[in-house]
Amino acid sequence: MKMSDDNLIIRREVYLDKLINRRDNGEIKVITGSRRSGKSWLLKKIFRNYLIENGVPEKNIISVSFDIDDISTESDLREPNTLKSYLNKKITSETENYYVFLDEVQEVDGFERIVNGLNARDNVDVYITGSNSKFLSSDINTIFRGRCDEVRVYPLSFKEFCSDRNESAAELWKEYYTYGGMPALRNHHTPEQKIVYLQRLWAKTYLSDVVERYHVKNVQALESLVDSLCSAIGSLTNPLRIQNSLKTVQKVRLENDTIAKYIGYLEDAFLFEGAKRYNIKGRKYYESIKKYYSVDVGLRNAKLNFRQQEITHIMENVIYNELRIRGFLVDVGVVESRVFHNGKSEYVQNEIDFVASNGMEKYYIQSVFSLPDEEKMSQELASFRKIDDSFKKIVIVGDDIATYMNDEGIVFMGLFQFLKNDEIVK
C-alpha cells in the first residue's frame with residue numbers, strides 16, 4: 001500500500017510503546033488487526049526508525065515482505081528453504097542482537113517452523129504480521145504453541161487522526177465519524193475517492209479474505225449479514241434476532257448456527273467485536289446476547305452506502321473502539337433492581353453502555369449525545385444510582401463541555417476531551 005510522507009507524522013505512539021515494552025522479551029511479537037489498518041507501516045517504518053535511533057545497526061534489522069501485492073517482494077523468498085538460507089546469511093554473529101520483521105508471513109508454506117526456529121535463537125527478536133485470509137487471531141496460540149505476544153492494531157484513533165490537522169475539532173469530528181480512520185485515506189482527498197476506497201476494501205479485501213479462508217459458498221448471505229451487523233451497531237442482538245431481521249428486511253434465510261459461524265469469521269477477521277452483557281450486581285454474563293461494534297465507523301458507513309448516519313450509535317461505536325485501543329476489556333453493563341408497579345413487585349433492568357476494566361481499574365461509562373434537560377439527565381443517571389460500589393462513573397457527552405463532577409461523584413466530560421486526552425481514562 002502506498003503511503004505518503006505525511007504518514008511519517010503519525011507515529012502511532014500507543015502501538016510503538018507496546019512494541020518497545022515487548023522488545024527482547026523472548027517471545028514472537030505478532031502484529032494483528034484488520035487489513036490496511038497500518039500493521040506493516042508500524043513495524044517496518046515506525047518501529048524500525050525507533051530501533052535505529054536507539055543504536056541498532058541497520059544491518060541488524062532484517063525485514064522481508066511477502067505481500068503478493070508488493071512489487072518489491074522477491075518471490076523466491078516465499079520458498080521456505082530459500083528464506084531460511086537468506087535469513088541465516090543475514091544473521092552473521094552469535095553475540096550481536098538481530099531484529100527480524102516478516103510481513104505477510106502466511107504466504108510462506110511452513111512459516112511457523114521458520115519463525116519458531118528464529119525465536120529459539122537467543123540473539124534474535126522476531127516480529128511478524130499476517131493477513132486475515134490465512135492468519136487470524138484464533139490461529140496464533142496454536143501455531144506458536146503459546147510462545148507469542150500479540151499486539152492488536154486498530155485504524156487511526158481520533159487523537160491520531162487530528163495529530164497534524166489544523167481544522168476545528170467539530171470539522172475533524174464530522175470527517176472522522178463519516179469516513180473513519182483507515183490510514184490510507186490520507187492519500188485520498190475527495191469524498192468520492194474516500195468512498196470508493198472504503199467500498200473497495202470491503203469488496204476486494206475483507207469479504208474475499210473470509211470467503212477464501214472458510215470456503216463460504218453463500219457470499220450474498222454473508223454480505224447481508226455484514227449489512228445487518230453494520231445497521232445494528234450498539235444494539236443488543238443475537239443470531240435469532242439477526243435471523244428474523246434478515247428474513248424480514250432482506251428476504252434472506254439463514255440458520256442460527258450458520259449466522260453464529262459467520263459472525264465468528266467476521267470477528268476473527270477483526271472487522272467486528274462483540275461486547276457481552278454483564279450483570280453488575282449478579283456478577284455473571286448473559287451469553288445469549290451481545291452488542292456488536294465495527295472496527296472502524298467509516299468502513300461501517302461505506303458498507304451501508306452512507307445511508308444510516310445515526311450519530312448516537314456512531315459516537316458509541318467510536319467510544320468503544322477508543323476504550324479497546326487503550327487496552328480495556330469492555331462489556332455492556334446491566335443493573336437489575338426490584339420495583340413496585342401497579343401493586344406488584346417486578347424486576348427492572350437498567351443498562352450501562354460500557355463496563356471497562358484493565359485488571360487494576362474499572363470504569364462505568366454512559367455515552368450520551370446530549371443532555372438537554374433534567375428529565376434526560378435523570379434517565380441517563382438511573383443506572384449509575386443503582387450501583388453501590390466505588391468505581392468511577394463517567395458520562396461522555398457529545399456536546400463540547402468542560403469536565404466536571406456532580407454532587408454524586410459522577411464525572412461529566414465532553415466527547416472531544418475524552419478522545420483527545422487518553423490520561424482521563426487510562
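The shown structure was predicted, so the numbers you read here are calculated from the model rather than taken from an experiment.
Between K291 and F354 the shortest side-chain heavy-atom distance does not fall below 4.5 Å. Within the 4.5 Å cutoff, the side chain of M405 has no heavy atoms near those of the I410 side chain. Two residues are said to be in side-chain contact when any heavy atoms from C-beta on lie closer than 4.5 Å; V252 and K247 fail this criterion. Considering only heavy atoms from C-beta on, E267 stays 4.5 Å or farther from L271 through its side chain. Considering only heavy atoms from C-beta on, R283 comes within 4.5 Å of Y278 through its side chain. Inter-residue side-chain proximity for Y98 and V56 is flagged as unmet; no heavy-atom pair is nearer than 4.5 Å.
A salt bridge links K29 with D125: the distance from a Lys NZ or Arg NE/NH1/NH2 to an Asp or Glu carboxylate oxygen falls below 4.0 Å.
No hydrogens or angles considered: a donor-acceptor pair under 3.5 Å links the side chains of D389 and Y364. No side-chain N or O of N301 forms a donor-acceptor pair with one of Q308 less than 3.5 Å apart.
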List, one per line, each side-chain donor-acceptor pair under 3.5 Å for residues 319-330, sequence neighbours excluded.
{"from": "Y320", "atom 1": "OH", "to": "E273", "atom 2": "OE1", "distance (Å)": "2.7"}
{"from": "N321", "atom 1": "ND2", "to": "S294", "atom 2": "O", "distance (Å)": "3.1"}
{"from": "N321", "atom 1": "ND2", "to": "V295", "atom 2": "O", "distance (Å)": "3.2"}
{"from": "E322", "atom 1": "OE2", "to": "R326", "atom 2": "NE", "distance (Å)": "2.7"}
{"from": "E322", "atom 1": "OE2", "to": "R326", "atom 2": "NH2", "distance (Å)": "3.1"}
{"from": "R324", "atom 1": "NE", "to": "E273", "atom 2": "OE1", "distance (Å)": "2.7"}
{"from": "R324", "atom 1": "NH1", "to": "F328", "atom 2": "O", "distance (Å)": "2.9"}
{"from": "R326", "atom 1": "NH1", "to": "V425", "atom 2": "O", "distance (Å)": "2.9"}
{"from": "R326", "atom 1": "NH2", "to": "F418", "atom 2": "O", "distance (Å)": "2.5"}

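Ring orientation note: the planes of F47 and F101 are tilted relative to one another, at an angle of 30° to 60°. Ring geometry for W173 versus F416: interplanar angle over 60°, hence perpendicular rather than tilted (30 to 60°).
Pairing each heavy atom of E160 with each of S163, the nearest pair is O-OG, 2.8 Å.
Checked against side chain to side chain donor-acceptor pair (under 3.5 Å), Q250 has the following partners two or more places apart in sequence or in another chain: S224. Under the side chain to side chain donor-acceptor pair (under 3.5 Å) criterion, S40 pairs with D103, not counting sequence neighbours. For D227, the side chain to side chain donor-acceptor pair (under 3.5 Å) partners are K303, not counting sequence neighbours. With sequence neighbours excluded, no residue forms a side chain to side chain donor-acceptor pair (under 3.5 Å) with N123.
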Item to complete: List the steps and the verdict of side chain to side chain donor-acceptor pair (under 3.5 Å) for E336 and N350.
Response: CA-CA 6 Å; E336 290 186 340; N350 292 96; over 6 Å; no
Fill in: F161 vs L172, side chain to side chain contact (heavy atoms under 4.5 Å, CB included): CA-CA, chis, key distance, verdict
CA-CA 8 Å; F161 180 83; L172 291 169; 4.1 Å; yes
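A side-chain hydrogen bond (donor to acceptor under 3.5 Å, both in side chains) check over residues 175-184, counting only residues at least two apart or in different chains, returns the pairs R165-E175.
For CZ of R307, the number of neighbouring non-hydrogen atoms (other residues, nucleotides, ligands) closer than 6.0 Å is greater than 12.
Between the side chain of T248 and the backbone N or O of N244 there is at least one donor-acceptor pair closer than 3.5 Å.
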